[in-house]
J.: 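My questions all concern the structure below.
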Amino acid sequence: MSQARPQTMPQSGSLFEEYSWRGMVFDATPGLSDILSKESVSAYIGFDPTASSLHIGSLLPIMCLARLQRFGHTPIAIVGGGTGLIGDPSGKTKERQLLNAVQVEENLAGIRSQLEPFLDFNAARNPARIVNNLDWLGRLGLIDFLRDTGKHFTVNYMMSKESVRRRLDSEDGISYTEFTYMMLQAYDFLKLNELHDCTLQLGGSDQWGNILAGAELIRRVRGGKAHGLVFPLVTNAAGTKFGKTESGTVWLDPERTSPYRFYQFWLNTDDRDVIPYIKYFTWLDRPDVEELEVAVAGRPGQREAQRTLARNVTEMVHGPAALEGAERASKVLFGGAMEALSASELLDVFEEAPSSEFDSDVFAGDGIGFLDLMNRTGLAASRGEARRLVKSGGVYLNNVRVVDEARSITRQDCIEGRLLVLRKGKKNYRLVQVT
RNA sequence: GGACGGGUACCGAAGCGGUCAACCGGGCUGGACUGUAAAUCCAGUGGCUUAGCCUUCGGAGGUUCGAAUCCUCCCCCGUCCA
């Protein structure tokens, strides 16, 4: 079950079959399966530059491209520098806030670097490409656009699309700007078809309408056949939005979501979701996945599948060193062997835990009351709450349960005289640094 | 503009003169069990110097020994009529 890095060694079988067994085909244009088994094609997916980092919601599209490349096809990631300035109405009930060009430019740079670990840009035969559609949309003249592209779309056709219709029914309506989005995306497909012989567009199921519009445009303008394939929306058994936790979105950027949290996110995957996720997000082959499926059914408590998922995805996104750190941190946080670590190691492990700084005077002499400390670090909203927590046995100081609500904290309690680890419940840590 | 109905803690919702810091449900937070899960069970959920005290029931006044509860005015929301 080793984790393979980006590579272009073609795999056997057809890409379509591969997508299928992994549950990644929600819908596809007729005949696509045939073409993928016979020819090597160029395919693209668009990434939305709404934020400077991709989050794990983009992992499925990324894996789609990566798999495609392994099957000998050529992946193109298009970052929507141009379309990002417009805003896609698909899946949105409200008009979007427009981003300015500078923001989009910054976001593009971040996204580009996050795609790089997944795709091989130096493959001899089918190197991956990242393109920015601002390159052509930016200098597209309005008159040309209306004559060459607009002529191929009837308003009737556009209005019949689900993404538009829903907004027509809503109170807010849809602006002309967003209404035009579909045409711009179609134009992208046309342009990529022209420049890079791209004949396939992939996307989430909400992109189906936009993708078909592009294929249609290619047929009309260039007489060529183009295809589309959409993957399903990633769901979770809890019915919440995939990729969100109590602490927010799970980003790919380690600055935003630490590798530890990232690893934990996957480790905490529901039993019902773990096999689909493994199919989506790892390179494990069919026999390995089936083995894990048996493991989940037979001894769910072992969480072999979750562990495998977390290990694989964390390593793929953040590298082996970060994975090692995340696993070490997990061990300390859930195994409780805190004494074994030095203050600086603890700082490292708790890097992403909220922390408060206190002047060393606070701990001098008789020190500070424990309840006050709880309150002042924000771990408890009031002293009363702190008291209740202690009474119910839910508070730990340096991983030792606190039973005496009247106790004070002095310098003696600090690890190496400079660090305290407060914990509320099982997972709620707060670091106190003595300065 | 008129007629009703209503505004209670994070949300929903009881209470309609004292025993109300306010039933109950949800949420949330702890605990037990467990697999860092789900389900279940238990506890807590305004503040404090915690056998007690203080501040809360849309807002401001008033009646009363005593008000979330009664009265007056005001603000806001819903429904119907104009």
Side-chain angles (χ1 to χ4, degrees), chain A residues 235-248 250 257-278 291-314 323-338 340-341 346 349-354 366-409 421-430:
Chain A
T235 55
N236 65 25
T240 55
K241 197 167 157 49
F242 171 74
K244 297 271 186 196
T245 66
E246 322 76 60
S247 40
V250 181
T257 299
S258 70
Y260 164 71
R261 274 194 195 287
F262 188 84
Y263 176 87
Q264 284 289 325
F265 169 81
W266 297 104
L267 189 65
N268 284 319
T269 302
D270 193 288
D271 291 350
R272 292 168 289 182
D273 296 321
V274 70
I275 295 299
Y277 288 4
I278 281 186
E291 208 171 288
L292 285 172
E293 217 164 344
V294 171
V296 173
R299 31 177 207 285
Q302 296 303 116
R303 292 198 294 167
E304 286 161 57
Q306 278 89 342
R307 220 170 292 282
T308 306
L309 175 68
R311 288 186 58 95
N312 277 281
V313 181
T314 307
L323 169 64
E324 205 261 328
E327 289 192 301
R328 203 161 52 90
S330 299
K331 234 173 233 154
V332 173
L333 269 54
F334 294 99
M338 195 168 285
L341 294 183
L346 280 172
V349 165
F350 287 103
E351 194 187 6
E352 79 295 332
D366 291 339
I368 179 173
F370 185 68
L371 299 182
D372 284 318
L373 187 65
M374 292 272 294
N375 183 216
R376 284 178 61 181
T377 54
L379 201 60
S382 69
R383 297 187 73 241
E385 189 185 324
R387 193 188 309 271
R388 283 193 294 271
L389 285 166
V390 172
K391 272 185 185 152
S392 61
V395 190
Y396 302 78
L397 173 67
N398 298 333
N399 264 6
V400 179
R401 181 175 274 173
V402 175
V403 286
D404 178 13
E405 59 182 70
R407 75 166 290 182
S408 333
I409 305 304
V421 181
L422 293 176
R423 187 177 113 211
K424 176 178 85 171
K426 287 193 173 68
K427 309 182 188 180
N428 243 309
Y429 284 89
R430 175 107 8 176

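Sequence lines set the chain letters: A, B, ... in the order given, protein chains first and strands last, and positions in each chain run from 1. Everything quoted here is computed from the prediction, not taken from an experiment.
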J.: With the side chain counted from C-beta on, respond yes when A:L397 and A:V421 share a heavy-atom pair under 4.5 Å apart, and no when they do not.
T.: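 No, side chains not in contact.
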
J.: Which heavy-atom pair separates A:R311 from A:Y263 by the least distance, and what is that distance?
T.: N-CE1, 4.1 Å

J.: Assuming nearest nucleotide by heavy-atom distance, tell me which of A:G394 and A:K391 is located more 5' along RNA chain B.
T.: A:G394

J.: Using atom C1' in both nucleotides, what's the gap between B:rG17 and B:rG12 to the nearest angstrom?
T.: 27 Å

J.: Taking a pair as Watson-Crick or G-U wobble with both distances under 3.5 Å, which nucleotide is matched to B:rC53?
T.: B:rG47

J.: Please identify each residue that fulfils salt bridge (charged side-chain N to carboxylate O under 4.0 Å, His left out) with A:R272, with sequence neighbours left out.
T.: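 If we apply the salt bridge (charged side-chain N to carboxylate O under 4.0 Å, His left out) test to A:R272, skipping adjacent residues, the hits are A:D270.
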
J.: Does any part of the side chain of A:R261, heavy atoms only, come nearer than 4.5 Å to the side chain of A:V250, both counted from C-beta?
T.: no

J.: For B:rG12, give its Watson-Crick or G-U wobble partner with both distances under 3.5 Å, or none.
T.: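 The answer is B:rC24, by the H-bond criterion.
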
J.: For residues 367-376 of chain A, please give each side-chain donor-acceptor pair under 3.5 Å, one per line with the distance, not counting sequence neighbours.
T.:
{"unit_1": "A:D372", "atom_1": "OD1", "unit_2": "A:R383", "atom_2": "NE", "d": "2.9"}
{"unit_1": "A:N375", "atom_1": "ND2", "unit_2": "A:A380", "atom_2": "O", "d": "3.3"}
{"unit_1": "A:N375", "atom_1": "ND2", "unit_2": "A:A381", "atom_2": "O", "d": "3.3"}

J.: Remember a base hit wins even if backbone is also touched, and classify A:K424 as base, sugar-phosphate or nothing at under 4.0 Å, heavy atoms.
T.: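 A:K424: backbone/sugar contact only, no base atoms under 4.0 Å.
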
J.: Compare all side-chain heavy atoms of A:F350 with those of A:L333 and state whether any distance is below 4.5 angstrom.
T.: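 Yes, at least one pair of side-chain atoms sits under 4.5 Å.
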
J.: NA contact type, A:R401, heavy-atom cut-off 4.0 Å: base, sugar-phosphate, or nothing?
T.: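 Result for A:R401 = sugar-phosphate.
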
J.: Grab the two heavy atoms, one from A:L379 and one from A:R430, that are nearest each other, plus how far apart they are.
T.: CD1-CB, 3.9 Å

J.: Which value, in whole Å, describes the distance between the P atoms of nucleotides B:rC57 and B:rU8?
T.: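 So the two P atoms sit 11 Å from each other.
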
J.: Tell me the salt bridge (charged side-chain N to carboxylate O under 4.0 Å, His left out) pairs involving residues 385-403 of chain A, sequence neighbours left out?
T.: A:R387-A:E405

J.: Distance check, C1' atoms only: B:rA38 and B:rC4, in whole angstrom units.
T.: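 Per the computed distance, 49 Å lies between those C1' atoms.
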
J.: Roughly how many Å apart are B:rC11 and B:rG59, using the P atom of each and rounding to a whole number?
T.: 14 Å

J.: Pairing check on B:rG18: which nucleotide meets the Watson-Crick or G-U wobble criteria with it, both distances under 3.5 Å?
T.: B:rC65

J.: Using the P atom on both, measure B:rA22 against B:rC73 and round to a whole Å.
T.: 33 Å

J.: Under a 3.5 Å limit for both distances, which nucleotide forms a Watson-Crick or G-U wobble pair with B:rC80, could you say?
T.: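 Checking every strand shown, B:rC80 finds its partner in B:rG2, with both distances under 3.5 Å.
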
J.: With both distances kept under 3.5 Å, what pairs with B:rC41, Watson-Crick or G-U wobble?
T.: B:rG31

J.: Can you check nucleotides 23-28 of chain B for protein contacts, nitrogen or oxygen pairs under 3.5 Å, and list what you find?
T.:
none

J.: If the C1' atom of B:rC24 is compared with that of B:rG18, how far apart are they to the nearest Å?
T.: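 B:rC24 and B:rG18 have their C1' atoms separated by 23 Å.
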
J.: For B:rG62 versus B:rU49, give the span between their P atoms, rounded off to a whole number of Å.
T.: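 Rounded to whole Å, the distance is 33 Å.
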
J.: Scan every strand shown for a Watson-Crick or G-U wobble partner of B:rU72, both distances under 3.5 Å, and answer none if you come up empty.
T.: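 B:rU72 is paired, partner B:rA60.
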
J.: Please identify each residue that fulfils side-chain contact (heavy atoms from CB on, under 4.5 Å) with A:N268, with sequence neighbours left out.
T.: A:Q264, A:R303, A:K427

J.: If a protein heavy atom is under 4.0 Å from the base, mark B; if only from the sugar-phosphate, S; if neither, -; do that for nucleotides 33-49 of chain B going 5' to 3'.
T.: -BBBS------SS-SSS

J.: Within a 6.0 Å radius of atom CG on A:D404, are there more than 12 heavy atoms belonging to other residues, nucleotides or ligands?
T.: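 Above 12, so yes.
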
J.: If you measure from the C1' atom in B:rC76 to the same atom in B:rC70, how many Å do you get, rounded?
T.: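 These two C1' atoms come out 22 Å apart once rounded.
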
